[in-house]
Amino acid sequence: MANNKQTILIVEDTVDLAEGLADFLEADGFEVDFAYRGDTALSLIETNRYDLILLDINLPGINGIEVCKKLTQNQLAPVPVLMMTAKAELDDKLLGFEVGAWDYLTKPFSFKELKARVYSLLARNNLSQQQLVQFNSLKINLKTDEIFCDDVSVKLQRNLHILLKKLIEQAPGIVSTEKLSELLWGEQIPQSEPLRAQIYKLRQVIKGFNINCQIKTTKGRGYSIDVVD
């Protein structure tokens, strides 16, 4: 059975199939939502949180390929997407993966196989989410070096990524200047206070997100990240 009522969005314009999938998944403990058009699916995804999307390719309005592209472009991934289609050609499958699908299921398929793939994708997504470090609404993806908040993301330089990760891990505690310098440069610490310059750059990145947290300086001790009242 699904834990904590995970929610799946079924995007399928064949009503009988969509309802059959819903009955099967709800019996296994999932909550299910429907979209019969690609544009409707995008509207739902923008306003609701889903753990998995079952996405047909041939849809009215916007097809599944375009829906998947928009998910990636708008930073709505990493919601796992399982594409469902009658197109079994290798090129069709490769296109699906290219635009961001996590898996591909060719129609007709058995519900038993669907169930296996659903649980596999949910497990993969849970593992990938463990690669996130978060403070307040600010998150770092440890695999991609991205920092993001809501639907805005920025690729961090290596030094800034290291600094922010350590500050978040120790938040709201203070991390000493010596420790941060050692993380960046080991024993070969450059002259002329390079850490201060890196902290300044990181502050500018965080400032760009317009959120209520900041990096604080504690004179003679080091730096910390904390919530601003």
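- Side-chain contact annotation: N63 with N58, donor-acceptor N/O pair under 3.5 Å absent.
- Contact annotation: the side chain of W102 approaches that of R124 to within less than 4.5 Å [non-hydrogen atoms, C-beta and beyond].
- Between V11 and the options T40, I53, L44, D33, a side chain to side chain contact (heavy atoms under 4.5 Å, CB included) holds for only I53.
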Review item, side-chain donor-acceptor pairs of residues 194-203, under 3.5 Å, at least two apart:
| unit_1 | atom_1 | unit_2 | atom_2 | d |
| --- | --- | --- | --- | --- |
| R196 | NH2 | E193 | OE2 | 3.2 |
| R203 | NE | I215 | O | 3.0 |
| R203 | NH2 | I215 | O | 3.0 |
| R203 | NH2 | T217 | OG1 | 2.6 |

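- Contact annotation: the side chain of Y223 never approaches that of T218 to less than 4.5 Å [non-hydrogen atoms, C-beta and beyond].
- In this pair, F111 and F109 present their aromatic rings tilted. The plane angle is within the 30 to 60° band.
- In terms of modelled atom types and a separation under 3.5 Å, the side chain of E12 and the main chain of T14 share a donor-acceptor contact.
- Taking OG of S43 as the start and CZ of R37 as the end, the distance is 10.0 Å to the nearest 0.5 Å.
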*With ring-ring contact (aromatic ring centres under 6.0 Å, His included) as the test, would you mind laying out the steps for F30 and Y119 before giving the verdict?*
CA-CA 11 Å; F30 293 100; Y119 277 100; 5.6 Å; yes
*For I140 and F135, what are the C-alpha separation, side-chain angles and deciding distance, and is it a side-chain contact (heavy atoms from CB on, under 4.5 Å)?*
CA-CA 9 Å; I140 302 178; F135 178 77; over 6 Å; no
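- With sequence neighbours excluded, the residues that form a side chain to side chain contact (heavy atoms under 4.5 Å, CB included) with D103 are L82, R117, L121.
- A salt bridge between K165 and E169 is present, with a side-chain N of the basic residue lying under 4.0 Å from a carboxylate O of the acidic one.
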Would you be so kind as to tabulate the donor-acceptor pairs closer than 3.5 Å made by side chains of residues 174-181, with sequence neighbours excluded?
| unit_1 | atom_1 | unit_2 | atom_2 | d |
| --- | --- | --- | --- | --- |
| S176 | OG | K179 | N | 3.0 |
| S181 | OG | T177 | O | 3.0 |

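- The minimum heavy-atom distance linking I8 with Y50 is given by the pair C-CD2, 4.2 Å.
- In this structure, CG in L138 is found 9.0 Å from CZ in F148, a value given to the nearest 0.5 Å.
- With salt bridges taken as basic N to acidic carboxylate O contacts below 4.0 Å, one links D28 and K115.
- Nearest heavy atoms, D51 versus P80: O-CD, 3.2 Å.
- Between atom CD of residue E66 and atom CD1 of residue I57 there is a gap of 11.5 Å, rounded to the nearest 0.5 Å.
- L183 places a side-chain heavy atom less than 4.5 Å from the side chain of K166.
- Within a 6.0 Å radius of NZ in K207, other residues, nucleotides and ligands contribute 12 heavy atoms or fewer.
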*Could you give me the CA-CA distance, side-chain angles and deciding distance for L54 and L114, then say whether side-chain contact (heavy atoms from CB on, under 4.5 Å) is met?*
CA-CA 10 Å; L54 303 182; L114 172 78; 4.3 Å; yes
